[in-house]
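Remarks on the structure that follows.
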Amino acid sequence: MIKVENIYKNYDSKVIMKDFNINFEKNKVSVLLGSSGCGKSTLFNMLSSLDKEYRGKILIDGKVSYIFQEDRLIPWLTVEENLSLISSQEKDINGVLEKFHVESKAKTLARNLSGGEKQRVSIARAFYHGGEIILMDEALRSLDMLLKLKIIEEISDNISHESKTMVIISHDIQEALLIGDRIFILDKDPMNIVESYDINTPRKNRILKSGELLDLEKEIYQKLLGEKSKMLSE
Ligand SMILES: Nc1ncnc2c1ncn2[C@@H]1O[C@H](COP(=O)(O)OP(=O)(O)OP(=O)(O)O)[C@@H](O)[C@H]1O
């Protein structure tokens, strides 16, 4: 669970958040969709304590694992060395690599992985780290659809079985509809929630019954386009 209350955040004269409030529930995947520069990464930096320069209150019930936009693996170490580096406990590295379909790369140097493999190893590393809170900044973007679906299935299994709170930044409405339990549409100057949607269709039915989600997809496009047309007229 994450509670963000009455946040004020600025960079010099630019106010990013003013009286900003948002909650993320446990056992749920929340997705943040919104215009570029509205403050999503700034919010993640605050949630992960990388940025402490703000006013207001953030309540978080657990350790945070942060999957960044870029992989942040150590290039000259193997995949399993990259994972073992973040935990002193003896845990099953191969098991977690298997979950994200990169077990065959355990002995490969990180610098020799493809872009999609690096992303999957980064996700595996976050789950290996074992935080109750998982923040994921566009980490699925360069995966093909089939792989994306497998990873989404794995993530959602893990979230519901291990009582985690997951928050994802995405720019892809279809990805948001496939993975999210709740989708927040954000606008900027200062950051605010335009709308939030609960997706109640079970994840495994979302492709087969995607017709049910089409209306919602259209509505979200309209919300985001509303924002874009505002930006264009500025
Ligand atoms: N360290 C910083 N100093 C000054 N301004 C910053 C700093 N970091 C971010 N900003 C500005 O704050 C605003 C919010 O940035 P942020 O990266 O949080 O947006 P975002 O919603 O994650 O954007 P995107 O979707 O493009 O990644 C932007 O206008 C950005 O230029």
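When a ligand or atom number is given, it counts from 1 through the structure's own listing order. These values consider heavy atoms only, across backbone and side chains, with no hydrogens, waters or symmetry-generated copies.
By the 6.0 Å and 45° rule, Arg72 stacks over the aromatic ring of Phe68.
Here the two rings, on Tyr54 and Tyr8, have centers that are 6.0 Å apart or farther. Between Phe24 and Phe184, the ring center distance clears the sub-6.0 Å criterion.
Less than 4.0 angstrom separates some heavy atom of Ile16 from each of these atoms of ligand 1: 12 (O), 13 (C). Each of the following atoms of ligand 1 lies closer than 4.0 Å to a heavy atom of Lys14: 29 (O). With ligand atoms numbered from 1 in the order given, ligand 1 contributes 25 (O) to contacts under 4.0 Å with heavy atoms of His171.
Between Gly37 and ligand 1, at least one N/O pair is under 3.5 Å apart. For ligand 1, one of its N or O atoms has an N or O atom of Thr42 under 3.5 Å away.
No part of Leu43 comes within 4.0 Å of ligand 1, judged by heavy-atom distances.
The shortest contact between atom 3 (N) of ligand 1 and any protein heavy atom is with Tyr11 CD2, 3.5 Å. With hydrogens left out, the protein atom closest to atom 25 (O) of ligand 1 is Lys40 NZ, 2.9 Å, a heavy atom. Of all protein heavy atoms, the one lying nearest to atom 26 (O) of ligand 1 is Ser36 OG, 2.6 Å. Here the heavy atom of the protein found nearest to atom 27 (O) of ligand 1 is Gln69 NE2, 3.9 Å. Shortest contact from atom 17 (O) of ligand 1 to any protein heavy atom: Ser41 CB, 3.7 Å.
Applying the salt bridge (charged side-chain N to carboxylate O under 4.0 Å, His left out) test to every pair with at least one member in residues 108-118, sequence neighbours left out, gives these pairs: Lys105-Glu117. Sequence neighbours left out, the pairs with a member in residues 45-54 that pass salt bridge (charged side-chain N to carboxylate O under 4.0 Å, His left out) are Lys9-Asp51.
Protein heavy atoms are absent from the 4.0 Å sphere centred on atom 30 (C) of ligand 1.
A donor atom on one side chain and an acceptor atom on the other are found under 3.5 Å apart for Thr42 and Tyr11.
The pair Lys223-Asp187 does not count as a salt bridge, with every side-chain nitrogen at least 4.0 angstrom from each carboxylate oxygen.
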With ring-ring contact (aromatic ring centres under 6.0 Å, His included) as the criterion, how do Phe127 and Phe100 come out once you've worked through the C-alpha distance, each side chain's angles and the decisive distance to 0.1 Å? CA-CA 10 Å; Phe127 280 90; Phe100 296 100; 5.3 Å; yes

